[in-house]
Structure formats: C-alpha cells, structure tokens
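None of the values given here were measured: they were computed from a predicted structure. Position 1 is the first residue of the sequence, and the numbers go up from there.
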Amino acid sequence: MKSATARANANIALVKYWGKSNHDLNIPAVPSLSMTLDGLGTTVSLSPSAKGHELIIENRLCSPEDSEWLRLADFLEQLRSLYHFPDYFSVKTSATVPYKAGLASSASFYAALSKAFHHALDLKLSNRELSTLARLGSASAARSIFAGFAGLEVGATHEEAHAFPLFCPLALSMVLCIVDSGPKYLSSREAMKITSGTSVFFPAFQEHATEDFLRAKKALAEGSLPTLGALMEQSTLKMHASMWVAKPSINYLKPKTLELIEAIYALRKSHGPLAFFTMDAGPHVKVLCEKKDASFIATSLKNQCPSIDMCISEPGPGAQLCHE
Ligand code: PMV
C-alpha cells in the first residue's frame, strides 16, 4: 500500500438529504443537490500503520474511545470488507473549515479520505464509483467528490446510491454567515435517527423531496436563481420543521439565524429575488446568490447583523490528490 494525500472541499446542500433508507450502507432516504465550495475543505494524509488505525486531527492524536475514531474505524473496516486490504492506516487531517460545526467538515473529510484511499490501493474507480465509497463515511461526502454542483441518488444498492455532477450556466456564489463556530450539540447522524423515527412531519418531508430535487435540478440547468432559491428555502424549512416536531425536539437554529433570515426577506423586498438562504445541522445561514451580487449582499447582511463572521465562496473543485 502507498501513502497518499488528498484534499476535498465542503459542500452545501441546496436540496437537503435528511434520513436514511439503509443505515448499514448509509444510503439516503431522499435525493439531494449541492454546491461544492471553493477554499473550505480538508486535507487528509493516509499511510500504513503497524499498530492499528490511528487518527490525528490537527496534530491531536484521537483516542480509540473518541467518537471520531470509532466512526473512522467503522468506515475503514467497511472498506476492508469491500477491498480486502491487510493493513491498518494512520490518518492525519487538517482543515480550513470549522470542525463539527454544521459546515460540512465531515463531507470534506470523508471525500478527501476516500480519494487518498483510492490512490493508496491503486483502485481504478470512476468518480461515480468513488462517490459510493465516500457515501459510506458520510452521505454528503459523496457530493464533495465532484466540482461545482452535484446530485446524490437514493438507489436501492451500494452501487446505485452514487453522486453525479451537474452543470449550472449562471455564475453563482454563496455567502456563508457564521453564527457560532462551536461544535454542534447533536450529530446529524443521531438527529436524523430521532427525526425519521419520531417526527410526524418527516413523512411529508420525504414525500416531497424527490419532486423538490427534480425541480431544483431543472432550475439549476436553466440558470433560474429565483426558482432554485425558492426550492432551496422550502427544502431547508421542511427539514428543520421535521426536526422541531421530533421527540425530543431538535433545534439547531439560534436567534441570530432568524435575524439573518429576516434580513434576507428585507433585501428581497427592496431589491428583488437576489438572495436565498439555507441552514444545515447548525445555526449558520448560507446565502445563495449570483456572483455579481455577493459583496453587496454580504455588506448588507453585515450592516444588519454586525457580530456575524462572513465569507464568500464560489463553486470549487472536487476531491483531488495532493502531490508532495
Ligand atoms: O452527511 P452528513 O451525515 O453530514 O449529513 C448532512 C446533512 C445535512 O448537511 C443537514 C444536509 C445535506 O444534504 O448535506
């Protein structure tokens, strides 16, 4: 086995994945659609280890009791059952995206790790096949294999549940409004389990997801931001509504999240349909807009909510090998 280093960027779902149809294979219950972000990602180095799997996050050696280590070891053992390699791995990561904060750090981590693993074992997989490996670690990671925009199929089998690239004729950007960079209080894995098992709104979220996905895919291909943005807001609101009525209720949003949403509504009232919001398993607001409007939108939102950190990102590259 060779050593390998790869990098992948985080992605933000415009149409959300929430809930699983197969827990062992980590297959989503609904299709999703995302934008891969430029400059916000994780670099992962993989090398053989003599003494069992080892995980080093930002120079900190994780203990085998840590949840991150357990999740990684599960993933590597799933890969072992598919590819029958004899080794253990040392996995070192460093990220430019806050860790476990609802900013898709696990998507970039598992996409980069899968890319490095692919090279280390000299597997000759297509990107679609590679995305199924990444999905085993974190379903949203499948989408980070691709540059720009990507879809993720539900599929009945491991092979069918792959991501695929999508094209958008518009130059789009995302304004990321960081409400709080601390770790989230509940993992998305746990939150999905509670929501799909107890929320009376989850069946409604699931029932409408395929239609939302197909309509968003069409709007993306046609470059219609108002249609895409409206579907994006519907998808995130349905996802959070289904979490709110779960038992126990799950709420990732903060007062500042709602302030930002109000500021976006006000912007649209005065300037037309130029900015649309989405939130994931965290309080941050991600604003989709045309590239030409991004600085104006960021400045307007900063004026309304001065304590919020903001950055602007554009569609970025997919998972790539780093040659040292
Ligand atoms: O792949 P996970 O387990 O990190 O879940 C991602 C869930 C959301 O970010 C809320 C939605 C999505 O499609 O990325």
- Task: Dump the intermediate steps for side-chain hydrogen bond (donor to acceptor under 3.5 Å, both in side chains) on Lys92 and Thr5, then the final yes or no.
- Result: CA-CA 9 Å; Lys92 289 190 186 143; Thr5 299; over 6 Å; no

- List the steps and the verdict of side-chain hydrogen bond (donor to acceptor under 3.5 Å, both in side chains) for Ser108 and Thr42. CA-CA 5 Å; Ser108 60; Thr42 306; 2.7 Å; yes

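Leu152 and Ala139 make their closest contact through CD2-O, 3.3 Å (heavy atoms, listed as atom of the first residue, atom of the second, distance). Looking at every heavy atom in both residues, Ile297 comes nearest to Ala275 through CD1-CB, 3.7 Å. Shown here for Leu301 and Cys177, the closest heavy-atom pair between the two residues is CD1-SG, 4.1 Å. Residues Gly148 and Pro315 share a closest heavy-atom pair of CA-CB, 3.9 Å. Ser49 and Phe89 make their closest contact through CB-C, 3.6 Å (heavy atoms, listed as atom of the first residue, atom of the second, distance). Pairing each heavy atom of Ser188 with each of Ala281, the nearest pair is CB-CB, 4.1 Å.
Under the 30°/60° scheme for interplanar angles, the aromatic rings of His162 and Phe164 are found to stand perpendicular. Below 30°, between 30° and 60°, or above 60°: for Tyr185 and Tyr252 the angle between ring planes is between 30° and 60°, a tilted geometry.
Summarising the local packing, CZ of Arg215 is surrounded by 12 or fewer heavy atoms from other residues, nucleotides or ligands at distances under 6.0 Å. The local environment of NZ in Lys302 is crowded, with over 12 non-hydrogen atoms from other residues, nucleotides or ligands closer than 6.0 Å. The 12-atom threshold is not exceeded at CG of Asn59, counting heavy atoms of other residues, nucleotides or ligands nearer than 6.0 Å. Crowding of Lys218 atom NZ: a count of heavy atoms from other residues, nucleotides or ligands under 6.0 Å not exceeding 12.
In this structure the side chain of Leu55 reaches within 4.5 angstrom of the side chain of Glu68, judged on heavy atoms. Between Met1 and Leu121, the closest side-chain pair of non-hydrogen atoms falls below 4.5 Å. Looking only at side-chain heavy atoms (C-beta outward), Lys291 and Glu314 come within less than 4.5 Å of each other. A 4.5 Å side-chain heavy-atom check between Ser106 and Arg71 finds at least one atom pair inside the cut-off. Taking the side chain as every heavy atom from C-beta outward, Leu260 and Cys305 approach each other to under 4.5 Å. Counting only heavy atoms from C-beta outward, the side chains of Phe276 and Val287 never approach each other to under 4.5 Å. Taking 4.5 Å as the limit, every side-chain heavy atom of Asp74 sits out of range of all side-chain heavy atoms of Leu70. Here the side chains of Met192 and Tyr17 are in contact, with some heavy-atom distance below 4.5 Å.
When atom types are taken as modelled, the side chain of Asn9 and the backbone of Leu37 share a donor-acceptor pair closer than 3.5 angstrom. Using a distance-only test at 3.5 Å, with no hydrogens or angles considered, no donor-acceptor pair links the side chain of Asp280 to the main chain of Ala13. No donor-acceptor pair closer than 3.5 Å links the side chain of Thr93 to the backbone N or O of Ser45. Between the Asp66 side chain and the Trp69 main chain, no donor and acceptor come within less than 3.5 Å of each other. At distances below 3.5 Å, not a single donor-acceptor pair connects side-chain atoms of Ser249 with backbone N or O atoms of Ala246. Judged purely by atom type and a 3.5 angstrom limit, Arg143 has no side-chain atom pairing as donor or acceptor with the backbone of Ser131. Formation of a donor-acceptor pair under 3.5 Å by the Ser235 side chain with backbone atoms of Leu231 is not found in this model. Glu160 places a side-chain N or O within donor-acceptor distance of the main-chain N or O of Ala156, the cut-off being under 3.5 Å. Side-chain N or O atoms of Ser138 include none that pairs as donor or acceptor with a backbone N or O of Ala134 at under 3.5 Å. Counting only distance, with no hydrogens or angles, the side chain of Arg128 and the backbone of Pro165 share no donor-acceptor pair below 3.5 Å.
Interatomic distance, Arg80 CZ to His53 NE2, rounded to the nearest 0.5 Å: 5.0 Å. Atom CD of Gln234 sits about 10.5 Å away from atom OG1 of Thr236, to the nearest 0.5 Å. Rounded to the nearest 0.5 Å, atoms OG (Ser21) and CD1 (Ile27) are 5.5 Å apart. Here NZ of Lys217 is found 6.5 Å from CG of Leu166. Values are rounded to the nearest 0.5 Å. Distance check, rounded to the nearest 0.5 Å: CZ of Arg135 to CD of Glu153 gives 12.0 Å. Interatomic distance, Asn26 CG to Phe75 CZ, rounded to the nearest 0.5 Å: 10.0 Å.
In this structure, Ile57 is a member of the same hydrophobic cluster as Phe109, with clusters built from ILVMFWY side-chain heavy atoms closer than 4.5 Å. Hydrophobic clustering, with ILVMFWY side chains joined whenever heavy atoms are under 4.5 angstrom apart, groups Phe149 together with Leu228. Leu214 and Val154 fall into different hydrophobic clusters, defined by Ile, Leu, Val, Met, Phe, Trp and Tyr side-chain heavy atoms under 4.5 Å apart, directly or through other members. Cluster annotation: Met174 is not connected to Phe277 through the hydrophobic network of ILVMFWY side chains, with a link wherever side-chain heavy atoms come within less than 4.5 Å. By the criterion of side-chain heavy atoms lying less than 4.5 angstrom apart, applied directly or through intervening Ile, Leu, Val, Met, Phe, Trp or Tyr residues, Leu176 is not grouped with Leu258; the two fall into different hydrophobic clusters.
Scored by the salt bridge (charged side-chain N to carboxylate O under 4.0 Å, His left out) test, Lys254 finds Asp180 as partners (sequence neighbours excluded). The side-chain hydrogen bond (donor to acceptor under 3.5 Å, both in side chains) check on Asn251 picks up Trp244, with sequence neighbours excluded.
Checked by atom type, the side-chain pair Trp18/Ser242 shows no donor-acceptor distance below 3.5 Å.
Classification of Arg268 and Glu233 as a salt-bridged pair holds, one side-chain N sitting under 4.0 Å from a carboxylate O.
For an aromatic pair to be called close, the ring centres must be under 6.0 Å apart, and Phe85 with Phe117 satisfies this.
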